[in-house]
Every structure is written in structure tokens, then in C-alpha cells.
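Single-structure report; data block below.
Hydrogens, waters and symmetry mates play no part in the numbers below; they use all other heavy atoms, side chains included. All residue numbers refer to positions in the sequence shown, counting from 1.
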Amino acid sequence: MEVTAVAPRPDEIRPLKPCLLRRNQSREQHGVAASSLEELRSKACDILAIDKSLTPVTLVLAEDGTIVDDDDYFLCLPSNTKFVALASNEKWTYSNSDGGTAWISQESVDMDETDSGAELRWKNVAKRLKQDLSSIILLSEEELQVLIDVPCSDLAQELCQSCAAVQGLQNTLQQVLDQREEARQSRQLLELYLQALEKEGGILSKQEESKAALSEDVDAVDTAVSTEIASEISLRGQLLTVLKEKPAPELSLSSQDLELVTREDPRALAVVLNWDIKKAEMVQRACDQELTLRLQQVQSWCSLRNLSARRNPPPEEPQSPKRAKRDPT
């Protein structure tokens with residue numbers, strides 16, 4: 001949308017209007033006061049360091065790219081309207097830094113961007129549940145916690161369910177989260193028990209010797225190929241952090257992440273996480289077992305749902321009785 005320019009009357013005294021200026025695709029904003037578009041363009045060139053060879057400068061609204069080329073329209077805009085200054089060789093492109101409505105404060109915009117990101121995240125997870133409730137089994141611990149923390153009324157609106165039903169769902173999500181934590185603690189206790197047995201039997205010292213010999217061989221190889229192998233890994237940084245820092249990491253990951261871990265080259269995984277190859281293979285086996293278990297649970301869930309649907313079919317719509325046709329004779 002473009003508004004044609006109208007020349008201002010020379011005898012007219014106009015008040016200064018506070019505006020916000022930035023370059024295209026830049027987050028840095030500058031506060032400017034101007035009484036006309038021409039003055040705003042001139043200040044934009046000076047403040048934003050736009051080369052004079054790239055003039056004339058076009059001013060557009062940051063929220064939707066509307067070209068502002070009319071002084072009367074400029075005066076109708078609210079104070080602190082956001083403008084993007086475009087050089088002659090630039091075109092406007094949308095940026096999230098615009099934040100929506102042009103006259104709200106920058107602090108509100110930043111807060112809205114953070115909130116909208118978190119809201120988009122839980123809504124995406126909720127959409128998966130709405131499509132198939134059995135996907136609860138496939139969620140990561142982080143995704144489970146996100147849905148638990150959402151206000152019941154907001155989640156109910158997104159799922160088109162009553163607050164009572166959603167409260168029951170959030171309780172179920174909490175139970176799944178608790179069960180994974182209990183499983184993690186059980187595995188940690190089992191590991192401590194096995195370590196105690198190894199110490200009592202004197203096995204640990206022998207293992208340390210073999211590990212030391214193995215690490216020397218691995219180090220000799222890694223110095224030559226570690227960079228090449230590590231470059232082959234495709235896992236996200238956040239996923240690698242979970243694998244390295246979380247006890248029983250397979251319980252924290254979503255099924256999609258579990259599958260990614262099982263597909264990785266154990267040598268690359270060992271190099272990136274600074275593990276020996278045996279530990280990398282052990283973690284991959286644990287991830288594979290957890291993925292298999294979850295898929296079996298989903299299959300059982302679907303089988304029970306189908307069985308219940310066959311036993312309790314939805315009521316058929318009543319059909320209106322057909323009337324016998326009258327004989328025209």
C-alpha cells in the first residue's frame with residue numbers, strides 16, 4: 001500500500017512527533033523526533049549512517065511494510081511508531097523484532113516475543129496430543145513438564161475439552177513423569193550395587209587397567225581421526241548435553257531423539273561426548289530398548305482403543321421410516 005506525497009504548507013508550524021527508527025533486519029532502534037517526513041528521512045540518513053549514494057530513503061511501517069510518503073498520514077500516526085529506513089537498493093522484509101503493534105513500548109514487545117515462543121511450544125505439543133493421545137508415551141520429560149505447567153484453562157481451550165478432563169490429563173502426565181524418575185533412581189541404585197560388588201571382588205582394579213590400556217589405544221587413534229569422526233555427528237547440542245549430564249538419559253528423551261541416538265555411529269558419539277566406545281554402545285542399547293518399550297506401549301494402547309471401539313460402537317443415527325408409495329390409480 002502506497003500513499004502519494006502531498007507538499008506541506010510553508011506557513012504551517014507542526015509539532016515534533018517522537019518516532020523509532022531502525023535499518024532493515026536490524027534490532028537496534030533509535031529514538032527520533034521530527035515534524036515532517038522530509039526531516040525524518042534526513043535524520044534517518046545521519047543516525048543510521050546511510051550512504052548518500054543510496055538515497056532517496058524510503059520510510060515504511062515496521063509492522064507491515066506500508067510505505068509512508070504523505071505528511072498528513074505521517075501526522076495521523078501515533079507517537080513512537082516504528083519505522084524502517086530502506087536505502088534505494090533495499091526491500092522491506094518482515095522481522096520478528098517488529099513485535100506487532102507499532103505504538104507499544106519495546107519492553108512489552110520483548111516480553112511478548114518470549115511469551116509467544118513459549119506459547120507456541122506448548123501448543124505444538126498439545127496439537128500432537130489432540131491428534132493422538134497415545135503420543136504421551138513418546139514425549140520427552142521436558143515436553144511433559146511443559147504441558148503440566150500450562151494453566152488448565154488454556155490447555156482446555158486448545159484441546160477443546162472441559163477443565164475437569166484436562167486436569168485429569170495433566171495428572172496423568174505428572175504420573176508418567178514420576179514413573180520415569182522412579183525408573184531412573186532404580187537404575188542408579190542398581191549401578192551403585194554392581195559397583196560395590198565389583199569392588200568387593202577385586203574386579204574393578206582389573207577393569208581400570210584394561211580401560212587404561214584401551215584409552216591409550218583410543219587416544220592414539222582419536223588424535224588422528226577424532227575431528228573427522230566428530231564432524232559426522234548430526235545430534236543437536238541440547239541432546240548431547242542430556243546424554244552427557246543426565247543419569248539414565250534415555251528416560252529424558254523423546255522417542256524421536258531416541259531414534260536419532262540409536263542411528264549415530266558409536267565412535268562419533270564417543271568422541272563428541274569424550275566417552276570410551278563401550279559406554280557409547282551401552283547408552284545406544286539403552287536408548288534402543290527404551291524406544292522399543294515405548295512403541296510396544298503405543299501399540300498396546302491402540303489395540304485396546306480399537307477393541308473398546310468395537311465393543312462400544314457409536315450409536316447409529318435414527319433413520320426416518322420410509323412411507324409406502326401410494327398407488328396413483
Side-chain angles (χ1 to χ4, degrees), residues 121 125 135-146 173 175-299:
R121 186 179 182 186
V125 181
S135 60
I136 291 176
I137 301 169
L138 307 177
L139 298 179
S140 67
E141 287 185 326
E142 188 177 2
E143 290 169 332
L144 290 169
Q145 190 63 58
V146 164
L173 296 173
Q175 291 174 7
V176 174
L177 201 59
D178 293 342
Q179 289 171 358
R180 292 192 189 180
E181 182 59 32
E182 290 173 1
R184 176 181 290 106
Q185 293 178 2
S186 299
R187 294 181 191 185
Q188 286 181 286
L189 288 174
L190 180 59
E191 288 178 4
L192 291 173
Y193 176 71
L194 292 176
Q195 289 176 7
L197 288 180
E198 289 176 352
K199 288 181 180 180
E200 290 179 0
I203 303 175
L204 188 63
S205 59
K206 295 180 180 179
Q207 286 187 342
E208 291 296 332
E209 293 175 359
S210 62
K211 284 183 180 180
L214 178 63
S215 64
E216 291 177 0
D217 296 338
V218 171
D219 289 342
V221 177
D222 285 348
T223 53
V225 299
S226 61
T227 304
E228 180 181 354
I229 295 176
S231 63
E232 297 175 358
I233 202 161
S234 59
L235 300 182
R236 296 177 289 111
Q238 184 179 2
L239 178 52
L240 293 172
T241 301
V242 172
L243 289 174
K244 191 170 183 65
E245 297 181 358
K246 283 275 190 178
E250 67 276 7
L251 297 174
S252 299
L253 301 176
S254 67
S255 296
Q256 184 179 7
D257 289 339
L258 289 172
E259 188 173 358
L260 290 175
V261 174
T262 58
R263 290 180 178 179
E264 282 297 337
D265 183 350
R267 296 178 305 159
L269 200 61
V271 170
V272 171
L273 296 174
N274 198 23
W275 288 347
D276 58 69
I277 188 70
K278 289 185 177 180
K279 182 173 181 180
E281 291 174 343
M282 181 182 67
V283 170
Q284 283 187 308
R285 282 195 299 271
C287 289
D288 184 60
Q289 292 170 358
E290 178 67 20
L291 178 61
T292 302
L293 176 62
R294 293 188 193 180
L295 294 178
Q296 289 174 348
Q297 290 174 340
V298 171
Q299 187 176 6

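Of the inter-residue distances, the one linking Q289 atom CD with T292 atom OG1 reads 7.5 Å to the nearest 0.5 angstrom. Within the model, atoms CG of L260 and OG of S254 stand 8.0 Å from one another, a figure rounded to the nearest 0.5 Å. Note that the OG atom of S255 and the CD atom of E250 stand 12.0 Å from one another [nearest 0.5 Å]. A distance of 9.0 Å separates CG of L251 from SG of C287, quoted to the nearest 0.5 Å. Note that CG of D257 and CD of E143 are 8.0 Å apart. Values are rounded to the nearest 0.5 Å. In this structure, CG on L139 lies 5.0 Å from CG on L144, to the nearest 0.5 angstrom.
Counting only distance, with no hydrogens or angles, the side chain of Q284 and the backbone of V261 share a donor-acceptor pair below 3.5 Å. Without hydrogens or angle criteria, S135 side chain to L138 main chain gives no donor-acceptor distance under 3.5 Å. Using modelled atom types, no side-chain atom of E259 and backbone atom of L291 make a donor-acceptor pair closer than 3.5 Å.
Applying the side chain to side chain donor-acceptor pair (under 3.5 Å) test to Q188 and every residue at least two apart in sequence or in another chain returns nothing. For the side-chain contact (heavy atoms from CB on, under 4.5 Å) test, residues two or more places apart in sequence or in another chain that qualify with S252 are E141, R184, V242, K246.
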Using the rule given for salt bridge (Lys or Arg N to Asp or Glu O under 4.0 Å), can you reason through D265 versus R267, listing the C-alpha separation, both sets of side-chain angles and the distance that settles it, and then say yes or no?
CA-CA 5 Å; D265 183 350; R267 296 178 305 159; 3.1 Å; yes
Stepwise, does the side-chain contact (heavy atoms from CB on, under 4.5 Å) test hold for Q195 with L192?
CA-CA 5 Å; Q195 289 176 7; L192 291 173; 4.1 Å; yes
So Q297 and L293, side-chain contact (heavy atoms from CB on, under 4.5 Å) or not? Walk me through it.
CA-CA 6 Å; Q297 290 174 340; L293 176 62; 4.0 Å; yes
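Residues L273 and K279 form no side-chain contact, since every pair of their non-hydrogen atoms from C-beta on lies 4.5 Å or further apart. Using a 4.5 Å heavy-atom threshold, the side chains of E290 and R294 count as touching.
By the 6.0 Å contact criterion, CD on Q299 is open, its count of non-hydrogen atoms from other residues, nucleotides or ligands being 12 or less. Heavy-atom neighbours of D178 CG from other residues, nucleotides or ligands within 6.0 Å: above the threshold of 12. When the shell of 6.0 Å around CD of Q256 is examined, it contains 12 or fewer heavy atoms from other residues, nucleotides or ligands.
In plain terms, the two heavy atoms of L253 and L243 that are nearest each other are CD1-CD2, 4.1 Å. What you find for Q145 and L177 is that their closest heavy atoms are OE1-CD2, 3.0 Å. Nearest heavy-atom pair, A280 versus P266, reported as atom, atom and distance to 0.1 Å: CB-O, 3.6 Å.
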